[in-house]
Amino acid sequence: MNFNKELSQIFKNQFGRIINTTSGVKDQPALGAYSASKGALDKLAKDYASELKGKNIAINAFDTGWIKTEMGDEEASSEPETVIPRMIIGAILKNKSCFILKIM
């Protein structure tokens, strides 16, 4: 995805919600690269938030918790079908240009 191209379309429409998934993974060295990428995504969201403030555009990062996926394992606590709607509702209802929210 070309983030800047997508963002220019959102600016043109003067409305948008950018929804990212982040992670609270910690103390797991084997997942260091994964955690670093999520940290970078959080920083990107916060940096863009200042540009988006007051423009009816929000960029959000949701910590979805442990989800039953190939990476998440069968013992994870949440099903993807329950997490995704909560992310969308959170992005619609929150009246901030950026927030990081843990949903579980």
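A distance of 8.5 Å separates CD1 in I57 from CG in N13, rounded to the nearest 0.5 Å. Atom CD1 of I19 and atom CD1 of I59 lie 10.5 Å apart (nearest 0.5 Å). Taking CD of Q28 as the start and OG of S35 as the end, the distance is 7.5 Å to the nearest 0.5 Å. Rounded to the nearest 0.5 Å, atoms CG (D42) and CG (D47) are 11.0 Å apart.
Residues F11 and I18 are members of one and the same hydrophobic cluster, defined by side-chain heavy-atom contacts under 4.5 angstrom among Ile, Leu, Val, Met, Phe, Trp and Tyr.
Here the shortest heavy-atom pairing between T21 and K38 reads O-NZ, 2.8 Å. Nearest heavy-atom pair, F15 versus N56, reported as atom, atom and distance to 0.1 Å: CD1-ND2, 3.1 Å. Taking both residues in full, the closest heavy atoms of D63 and T22 are given as N-CG2, 3.5 Å, listed atom of the first, atom of the second, then distance. Here the closest non-hydrogen pair linking A45 and N20 is CB-ND2, 4.4 Å.
Counted within 6.0 Å of NZ on K43, heavy atoms from surrounding residues, nucleotides or ligands total 12 or fewer; the atom is thus considered open. In this structure, Q14 places its CD atom where only 12 or fewer heavy-atom neighbours from other residues, nucleotides or ligands lie under 6.0 Å away.
The backbone N or O of Y34 lies less than 3.5 Å from a partner atom in the side chain of S37, making a donor-acceptor pair.
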